[in-house]
Engineer: 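One structure, pasted below without further comment.
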Amino acid sequence: MAFGNASAERAAIELTYEDTATVSRTTPQRGKNNISASSPSVIYDGIICALSYTGSDNSRQTDAQNNVDYDAVIFASPDLLVLPGDTIVVKRFGRDDPSSGRNLTFEVIGRPSVYATHQEIKVKDGDLA
């Protein structure tokens, strides 16, 4: 493989992705009596990706609960249109093991950085443990 061939580099990078993901976006849906309500719609399903933790962990334990709060980056195809506020559910090791039950839910923060070979999607996990 020679550098400078974006499609060959992209193919090589995507071979290292071991996770799969579903991207959802809140969209207005017209229901009964023409009343609009927002509900999540799946935009992409089964995309291959890679999850990387950035080390920014603001998790803390209080008397009442354990707050989980950390940042991560999802590497995915540059062909996807991912927007701030989208929800991404990552199935860890889902590419190698489709029956994997290890699902992690993230919210997209900011706009993804898109390159010729991949895009880097900054996400945040905020949950209670």
Engineer: Less than 4.5 Å apart, side chain to side chain, heavy atoms only: is that true for Thr87 and Val23?
Structural biologist: no

Engineer: Just by distance, do the side chain of Ser100 and the backbone of Arg92 share a donor-acceptor pair under 3.5 Å?
Structural biologist: yes

Engineer: Which value, rounded to the nearest 0.5 Å, describes the distance between Tyr17 atom OH and Asp96 atom CG?
Structural biologist: 14.5 Å

Engineer: Which atom names give the shortest non-hydrogen contact between Ala72 and Leu51, and what distance separates them?
Structural biologist: CB-CD1, 3.8 Å

Engineer: Could you go through residues 108-119 and list every donor-acceptor pair under 3.5 Å that involves a side-chain atom there, pairing it with any protein atom two or more places apart or in another chain?
Structural biologist:
| from | atom 1 | to | atom 2 | distance (Å) |
| --- | --- | --- | --- | --- |
| His118 | NE2 | Glu120 | OE2 | 3.1 |
| Gln119 | NE2 | Ser77 | O | 2.8 |
| Gln119 | NE2 | Leu80 | O | 3.0 |

Engineer: Before giving the answer on side chain to side chain contact (heavy atoms under 4.5 Å, CB included), spell out for Phe75 and Cys49 the whole-Å C-alpha distance, their side-chain angles and the decisive distance to 0.1 Å.
Structural biologist: CA-CA 5 Å; Phe75 296 88; Cys49 62; over 6 Å; no

Engineer: Is Asp19 salt-bridged to Arg102, cutoff N-O under 4.0 Å?
Structural biologist: no

Engineer: Using distance alone, with no hydrogens and no angle criterion, decide if Ser41 and Thr27 have a side-chain donor and acceptor under 3.5 Å apart.
Structural biologist: yes

Engineer: Would you check if the side chain of Lys91 reaches a backbone N or O of Pro98 as a donor-acceptor pair within less than 3.5 Å?
Structural biologist: yes

Engineer: Looking at residues at least two apart in the chain, or sitting in another chain, which of them share a side-chain hydrogen bond (donor to acceptor under 3.5 Å, both in side chains) with Thr16?
Structural biologist: none

Engineer: Could you go through the side chain to side chain contact (heavy atoms under 4.5 Å, CB included) check for Val123 and Glu107 one step at a time?
Structural biologist: CA-CA 5 Å; Val123 295; Glu107 182 177 346; over 6 Å; no

Engineer: With side chain to side chain contact (heavy atoms under 4.5 Å, CB included) as the criterion, how do Lys122 and Asp71 come out once you've worked through the C-alpha distance, each side chain's angles and the decisive distance to 0.1 Å?
Structural biologist: CA-CA 7 Å; Lys122 291 186 169 116; Asp71 297 334; over 6 Å; no

Engineer: Are Ile121 and Ile43 connected, step by step, through hydrophobic side chains (Ile, Leu, Val, Met, Phe, Trp, Tyr) whose heavy atoms are closer than 4.5 Å?
Structural biologist: yes

Engineer: Check whether any side-chain N or O of Asp97 sits under 3.5 Å from a backbone N or O of Ser99 as a donor-acceptor pair, and report yes or no.
Structural biologist: yes

Engineer: Between Asn103 and Thr105, is there a side-chain donor-acceptor contact under 3.5 Å, judged purely by atom types and distance?
Structural biologist: no

Engineer: Which residues pass the side-chain hydrogen bond (donor to acceptor under 3.5 Å, both in side chains) test with Arg25, not counting sequence neighbours?
Structural biologist: Asp86

Engineer: Determine, using the 4.5 Å side-chain heavy-atom cutoff (strictly less than), whether Val73 and Ile88 are members of one ILVMFWY cluster.
Structural biologist: no

Engineer: How far apart are the closest heavy atoms of Ser38 and Thr26, and which atoms are they?
Structural biologist: CB-CG2, 3.5 Å

Engineer: Mind checking whether Ile74 and Tyr53 sit in one hydrophobic cluster, side chains of I, L, V, M, F, W, Y counted as touching below 4.5 Å?
Structural biologist: yes

Engineer: Quick check on the hydrophobic clustering: are Ile13 and Val82 connected, directly or via other members, by side-chain heavy-atom contacts under 4.5 Å?
Structural biologist: no

Engineer: Could you walk me through whether Thr22 and Tyr44 pass the side chain to side chain contact (heavy atoms under 4.5 Å, CB included) check?
Structural biologist: CA-CA 6 Å; Thr22 300; Tyr44 304 107; over 6 Å; no

